[in-house]
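The figures that follow rest on heavy atoms only: side chains count, while hydrogens, waters and symmetry mates do not. Within every chain, numbering begins at 1; the chains are lettered A, B, ... in the order of the sequence lines, protein sequences first and strands thereafter. As the structure is a prediction and not an experimental result, all values here were calculated from the model.
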Amino acid sequence: MSGVKPLRILQLHSNFIEYKPVEKEIEEAEESGKETCRLEDLVVLFTSVEEGDDESVVLRAVEDIKGYLDTVKADRILIYPYAHLSSNLAKPREALKVLRELERRAREAGIETYRAPFGWCKQFTISIKGHPLAEQFKTVLPAREAVKEKPSGEVVSKALKAEEKIKSYWFILQPDGKMVPVEEFDFSGHGNLEKFAKYEISKVRVAMQVPPHVTLMKRLEIADYEPGSDPGNMRWYPKGALIKSLIEDYVTRKVVEYGAMEVETPVMYDLQHPSLADYFNRFPARQYIVKSEDKEYFLRFSACFGQFLMMHDAQISYRQLPLRVYELTRYSFRREKSGELSGLRRLRAFTMPDCHALCADLDQAKEEVMRRLRLSMETLEAFGLGREDYELAVRFTRDFYRENKEFVTSLVKEFGKPALIEMWDRQFFYFVLKWEFNFVDNLDKASALSTDQIDTENGQRYGITYVDEKGERRHPLILHCSPSGAIERVIYAMLEKAYRDQLNGKAPMFPVWLSPVQVRVIPVSERFIPDAEKIADELGMESHRIRVDVDDRPLTLQKKIREAEMEWIPYIVVVGRREVESGVLAVRDRQTEKVGEPAEIKKMSLKELVEEIKNQTRGKPFKPLALPRALSQRPRFFG
RNA sequence: GCCCCCGUAGCCUAGCCCGGUUAAGGCGUCAGCCUUGUAAGCUGAAGAUCCCGGGUUCGAAUCCCGGCGGGGGCUCCA
């Protein structure tokens, strides 16, 4: 190694650097003023010269620097003598010679070059750019290959990295079993599928508007950003909390009916737990980390951990399979990158119904997946999301498809519309097959709602076993299903759909069972408030399970109607002299309304109205009004 | 993380480019009038550290620099 004088260079692509020579540290120091020097948008080269006497290294270094400047599109450098990179420093006199040579050669190479004074104690402030290549540490050796080291940044799961290398093959699978490469498929009549396919494959995304549902979620006092929390953690106003809670109840009820056992598990887990750490690396997500005493915990991003650990400890017989376990996670956490967060569509804290099913073998798993596909469609239906509102994607490995063609086709057949297929050459994740329903919004963005997966790894990873017919312990296959997707995302989809309805001239609204106020009673003047209250008493009788309120504010009738309409209230009952005398109600029915046209007023008896609402909400959960009944008693949360 | 946009009263917005009286308007709130017949009745009042810090200037919401917060996009995705 004699004759080799390595350079150690820390390259930092910076927004700016400010440095100020404070005092000379050594006798050989250069002459310099003490004024602060500031340079912007440049690459700073913290450089130390190590023991040796060979100057040829400089040429190599300049080559390397040029390449780097090209890559990061910069054209200016600052050579900043920085002794702390080495424990084997060259003599100052020699080091200065090398640095000057480096400066000269860099200039010769056409680089705008600055150099901080050598031999001084300097103070500096630096702002480093955030792109992946902004920080590089190099050791430049004259006779050998340069050593590249990247300073360690954030801990990224292996799965997240692996994902970057996945090669996907895209097809459209028709209900009749015909599989067509996506570029050959005729999308006429399948506009949403086309948008979804493009969104998934092309990665071109243009849109620079606030998503319609964000405006609506605020205006309707459903939810809002919470500036006092981490981004992606929402606040829920009374109306939103009610809607969310009803949806949660409904999904839970459906899953329990399907045969799942509801459980509850912790929100945080030991980062060092062996099974968890391993799984962690198979799941492409970023986490919140919580420190407690001297341990680190990650906040769960699904219910898998808790349920798997529970199943690990359970005694299970093959006779009990498929065994279904369910939890509604309030909350699951994923520390999505800040630029990815969007309204209720993509959050850092969200509520995820998560249902696992342990299956004895693939045949049982396939049967179960089919049941859960149906369960998911029924569930979405209750939120007013029909098959026309979402698209199916099925993703699997090539091997799985070869051996299970019929099964895959049967899923698409059950769905009834062509589906987007993504095929992989080998298994990257813990599952061999996964399907999702995807909603396409008004900005042509697609997001997954319901999903199910066939997991071939975690039974083993978590040591989950059942005892088979022969008395032997075996690992089950595990299905992971969310029949609705995140609850917040369901609300997002409903709002986006309502917005689209409005564009098409339909009055936007929630399904009646989810409307925070189902009937508003409006007296024509203050004189009729007592009559209005009496009607509200009768409509709102506990046994009717109807949410009624009364607009008792001293406003004009028109104004009160307008506000009720803007709140998307399904039934508006106006009470005046005529109603009091006749006993017949004058009802505005939102479901029959068209935007911009005068409303039709239906004459109905109170009993008929109660019946109609009961018909609309049959079989759905009910919760009482989440706000004071009298509008005059209500605060305004937004606007 | 990067790029782009935004930050003015509880909400929405004007003013900013081109610096100059008490920062303008609408919604909402409060008070009063009106007592209302199916999507905005009238009058009045209160309400603003113009995001924060620095700089330029006789003078900054306005120009410059830095920071903070939010949104959107990029990459990827339950």
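The partner of B:G69 is B:C6, by the rule that a Watson-Crick or G-U pair needs both atom distances under 3.5 Å. For B:A23, there is no paired nucleotide, since no Watson-Crick or G-U wobble pair has both relevant distances below 3.5 Å. Pairing for B:U75 is absent, with no Watson-Crick or G-U wobble pair whose two atom distances lie under 3.5 Å. Pairing partner, B:C16: none, since no Watson-Crick or wobble contact has both distances short of 3.5 Å. Pair assignment for B:C30 gives B:G44, based on Watson-Crick or G-U wobble hydrogen-bonding distances that are each under 3.5 Å.
At B:G73, one or more side-chain N or O atoms of A:K445 fall inside 4.0 Å of OP1 or OP2 (strictly under the cut-off). Taking only side-chain nitrogens and oxygens, A:T556 comes nearer than 4.0 Å to OP1 or OP2 of B:G41. In this structure, A:R577 does not reach the B:U36 phosphate: none of its side-chain N or O atoms is under 4.0 Å from OP1 or OP2.
What separates CZ of A:R219 from P of B:A39 is a distance of 16 Å, to the nearest Å. Taking atom NZ on A:K594 and atom C1' on B:A39, their separation rounds to 17 Å, with Å as the unit. We find that CG of A:L344 is positioned 16 Å from C1' of B:G72, with the value rounded to whole Å. When the C1' atom of B:G41 is taken as reference, atom CD of A:E526 falls 14 Å away, rounded to whole Å.
Residues passing the side-chain contact (heavy atoms from CB on, under 4.5 Å) test with A:P353, sequence neighbours excluded: A:V251, A:Y326, A:L328, A:S482, A:P483, A:S484, A:I487. Qualifying salt bridge (charged side-chain N to carboxylate O under 4.0 Å, His left out) partners for A:R324, counting only residues two or more places apart in sequence or in other chains: A:E368. Taking the side-chain contact (heavy atoms from CB on, under 4.5 Å) definition, one finds that A:L606 meets it with A:I535, A:E538, A:L539, A:L585, A:V610, sequence neighbours left out. In this structure, the side-chain contact (heavy atoms from CB on, under 4.5 Å) partners of A:E226, at least two apart in sequence or on a different chain, are A:S229, A:R235. With sequence neighbours excluded, no residue satisfies salt bridge (charged side-chain N to carboxylate O under 4.0 Å, His left out) with A:R562.
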Anything under 3.5 Å between a protein N or O and an N or O of nucleotides 25-31 of chain B, put it in a table, one pair a line.
residue : atom : partner : partner atom : Å
B:G28   : OP1  : A:K559  : NZ           : 2.5
B:G28   : O2'  : A:R636  : NE           : 3.4

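The neighbour count for A:Y499 OH, taken as heavy atoms of other residues, nucleotides or ligands under 6.0 Å away, does not exceed 12.
In this structure, a donor-acceptor pair under 3.5 Å is absent between the side chains of A:D501 and A:N504.
For A:R590, taking side-chain heavy atoms from C-beta onward, the closest of the listed nucleotides B:G71, B:U38, B:A39 is B:A39. Comparing B:A40, B:G71, B:G37 by their closest approach to the side chain of A:R562 singles out B:A40.
One cannot find a donor-acceptor pair under 3.5 Å joining the base of B:U38 and the side-chain atoms of A:Q558.
Comparing A:E565 and A:V524 along RNA chain B, the residue whose closest nucleotide (by nearest heavy atom) sits nearer the 5' end is A:V524.
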